[in-house]
Amino acid sequence: MTTTPQLAIVAAGEQLELRPVGSWTVSHAAMLEALVHDAQPLLQKAKSLTLDFAEVCELDTAGAWLLEKMSRSAGGRSLAEAVRGADERYTGLIDE
């Protein structure tokens with residue numbers, strides 16, 4: 001699995017699915033900010049959002065905050081409500 005952060009985006013009507021990949025940590029902050037910025041136009045149009053964490057290999061507070069920011073931009077759901085496929089070690093951070 002790659003550690004380089006990526007963000008796959010699947011749009012279907014008003015439903016948006018984001019698939020973060022790799023390391024979503026402060027050490028990749030500039031790259032993560034660019035990924036979030038690029039996704040903003042689709043996020044603003046989406047009525048609902050799902051975040052599939054199956055390919056996230058690292059997550060820290062900085063990465064979780066950016067994902068939370070995206071989830072609130074689309075449909076107003078919290079990160080915890082939008083996430084699926086998260087590794088157990090990230091559930092506490094996601095819930096915060």
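From L35, atom CG reaches atom CH2 of W24 across 5.0 Å, with rounding to the nearest 0.5 Å. Distance check: E33 CD to H28 NE2 gives 14.0 Å after rounding to the nearest 0.5 Å. Between the CZ atom in R19 and the CD atom in E55 there is a gap of 8.5 Å [rounded to 0.5 Å].
In the model, S48 has a side-chain atom that pairs as donor or acceptor with a side-chain atom of Q15 under 3.5 Å.
Among all heavy-atom pairs drawn from M70 and L7, the shortest one is SD-CD2, 4.0 Å. Between D52 and G85 the shortest heavy-atom distance is OD1-CA, 4.5 Å. Annotation for L59 and T25: closest pair N-CG2, 4.2 Å, computed over non-hydrogen atoms. Across all their heavy atoms, G63 and L32 have their closest contact at CA-CD1, 4.5 Å. When all heavy atoms are compared, the tightest approach of S71 to L51 is CB-CD1, 4.1 Å. A pairwise comparison of heavy atoms in F53 and A86 identifies CB-CA, 3.6 Å as the closest pair.
Looking at V56 and D87, their side chains never come closer than 4.5 Å, going by heavy atoms from C-beta outward. Side-chain contact between L67 and P20 is present, with at least one heavy-atom pair separated by less than 4.5 Å. For the pair R89 and E58, the minimum side-chain heavy-atom distance is 4.5 Å or more. Side chains of L43 and L49 form a contact here, defined as non-hydrogen atoms less than 4.5 Å apart.
Proximity of a side-chain donor or acceptor of Y90 to a complementary backbone N or O of C57 within less than 3.5 Å is detected. Between the D60 side chain and the V26 main chain, a donor and an acceptor come within less than 3.5 Å of each other.
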Notebook entry, point to check: Could you walk me through whether T61 and L93 pass the side chain to side chain contact (heavy atoms under 4.5 Å, CB included) check?
Noted result: CA-CA 7 Å; T61 304; L93 184 57; 3.8 Å; yes
